[in-house]
Amino acid sequence: MGSGTSPMGSTGGGSATAGKEKQAETGGLVLEEAQKCCGCRFPLLVALLQLLLGIAVAAVAFLMVAISSSLLARETPHWAGIIMIVVSLLGFVLFCITRVPDERATAQFIVKLLYFFLCTMGMVISAVVIAFQCYHYALTNSYICKEMGEYCLCTLDPEDPIARTFTYSGVTDCSAIVSTLPVYYLLQMVLNLAQAIVCLVGAFLIWKKRYQVFFAGLQTGSPSTQNWQKV
């Protein structure tokens, strides 16, 4: 009789084990929900927006080049769109590798660091593009142009003999310079502003996931269970 096991004690131990399993499942569900952004897994939503914006910026830039081949690279920021497409592809790679259970994998750390760096660089590039587009938008709104055969000659002050002139080759209708081109500049400003905001969100979420939540190293319970108190 002395060596018998109490049924109540066995039931209590089973309840405790079931409680721990339920807590672990609940914690896993919370972590699963925390990795989602507006119903989509991060960084899938951010990467998708970056891809769409990058394609839009590059497409508008090539439409601007079609107006005149004399436009400078800073006026047609197709390079900013291509860079953003590359950033979005890295975001898709990050989405795939974060599904691996081992969060401390070297590949994941390198891709996350590279994605954070490229998002930061994307914000800077978008800001530079916006500055150039604002300048050229204000400039083209002050143009006085006239057609000169196969090109369009524009100036800021036609009565000033030493005023700076701008020549756009391959343009037979100057309305494309004074009317259509400013619309493209304005559209580029809006698209690059959206790019900068999306890159800011992506960089912030990477930083938040890595640094904002941390453990103080306060252990509660036995070393075998290793329950840590989050602060």
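Computation of the quantities below employed the complete heavy-atom set of this structure, encompassing side-chain atoms and omitting hydrogens, waters and symmetry-equivalent molecules. Only a predicted model underlies this, so the values are computations on that prediction, with no experimental measurement involved.
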Indicate yes or no: at least one non-hydrogen side-chain atom of Pro77 is less than 4.5 angstrom from one of Gln133.
yes
Checklist entry - With side chains defined as the heavy atoms from C-beta onward, is the minimum distance between Leu51 and Phe92 less than 4.5 Å? => result yes
Rounding to 0.5 Å, atoms CD (Gln188) and NE2 (His78) come to a distance of 11.0 Å
The reported gap from CG in Leu205 to CG in Leu45 (rounded to nearest 0.5 angstrom) is 9.5 Å
- Which is it for Tyr143 and Thr140 under the side-chain contact (heavy atoms from CB on, under 4.5 Å) test, yes or no, and what are the steps along the way? CA-CA 5 Å; Tyr143 277 171; Thr140 52; 3.7 Å; yes
| So, the side chain of Ser126 versus the backbone of Met123: is there a donor-acceptor pair under 3.5 Å, distance only? | no
inquiry  = Are Phe117 and Val87 linked, directly or through intermediate hydrophobic residues, by side-chain heavy-atom contacts shorter than 4.5 Å (ILVMFWY only)?
reply    = yes
**OP:** Consider only side-chain heavy atoms of I, L, V, M, F, W and Y, link residues closer than 4.5 Å, and tell whether Met189 and Val128 are in one cluster.
**Re:** no
Is there a path of hydrophobic side-chain contacts, each under 4.5 Å between heavy atoms of I, L, V, M, F, W or Y residues, that connects Val57 with Leu200? no
Rounded to the nearest 0.5 angstrom, the CG-OG distance for Leu71 and Ser169 is 8.5 Å
What about Tyr168 and Tyr151, are their ring centers closer than 6.0 Å? no
Closest non-hydrogen contact found for Asn192 with Ala80 is OD1-CB, 4.2 Å
The reported gap from CD in Glu75 to OH in Tyr135 (rounded to nearest 0.5 angstrom) is 9.0 Å
Here the gap from Phe166 atom CZ to Leu153 atom CG, rounded to the nearest 0.5 Å, amounts to 10.5 Å
> With a 4.5 Å limit on heavy-atom distance, are the side chains of Tyr115 and Leu118 in contact?
Replying inline: no
* Asked: Ile82, Leu49: one ILVMFWY side-chain cluster at the under-4.5 Å cut-off?
  -> no
Check your understanding: Taking the side chain as C-beta and beyond, is there a heavy-atom pair between Ser88 and Leu48 under 4.5 Å?
Key -> no
Examine distances only and state if a side-chain atom of Ser69 and a backbone atom of Val65 form a donor-acceptor pair shorter than 3.5 Å. no
Between Gly81 and Gln195 the two heavy atoms that sit nearest each other are CA-OE1, 4.3 Å
Do the side-chain sulfurs (SG) of Cys145 and Cys174 come closer than 2.5 Å?
no
Of all heavy-atom pairs linking Met84 and Gly54, the shortest is CB-CA, 3.9 Å
query: Any side-chain heavy atom of Val198 sitting closer than 4.5 Å to one from Leu53?
result: yes
**Asked** Is there a side-chain contact between Cys119 and Gln50 (heavy atoms, below 4.5 Å)?
**Response** yes
Close side-chain approach of Met148 and Lys146, heavy atoms under 4.5 Å: yes
When rounded to the nearest 0.5 Å, the distance separating CZ of Arg164 from SG of Cys154 is 12.0 Å
Sorted by chain and residue number, the side-chain contact (heavy atoms from CB on, under 4.5 Å) partners of Leu63 (sequence neighbours excluded) come out as Tyr184
Nearest heavy-atom contact between Met64 and Thr76 is CB-CG2, 3.7 Å
Query raised in the report: Would you say Leu193 and Val190 are hydrophobically clustered, going by side-chain heavy atoms of ILVMFWY under 4.5 Å?
Result: no
query = Considering only heavy atoms from C-beta outward, does the side chain of Ile206 approach that of Leu94 to under 4.5 Å?
reply = yes
Closest non-hydrogen contact found for Ile177 with Pro182 is O-CD, 3.3 Å
Run the side-chain contact (heavy atoms from CB on, under 4.5 Å) test on Leu181 and Tyr185 for me, step by step, so that the C-alpha distance in whole Å, both residues' side-chain angles and the decisive distance to 0.1 Å come before the verdict. CA-CA 6 Å; Leu181 198 57; Tyr185 286 142; 3.5 Å; yes
Requested in this report: Would you please say whether a donor-acceptor pair under 3.5 Å links the side chains of Thr165 and Thr155?
Outcome: no
Evaluate the criterion side-chain contact (heavy atoms from CB on, under 4.5 Å) for residue pair Ile144 and Leu156; output intermediate values, then yes/no. CA-CA 6 Å; Ile144 298 177; Leu156 299 177; over 6 Å; no
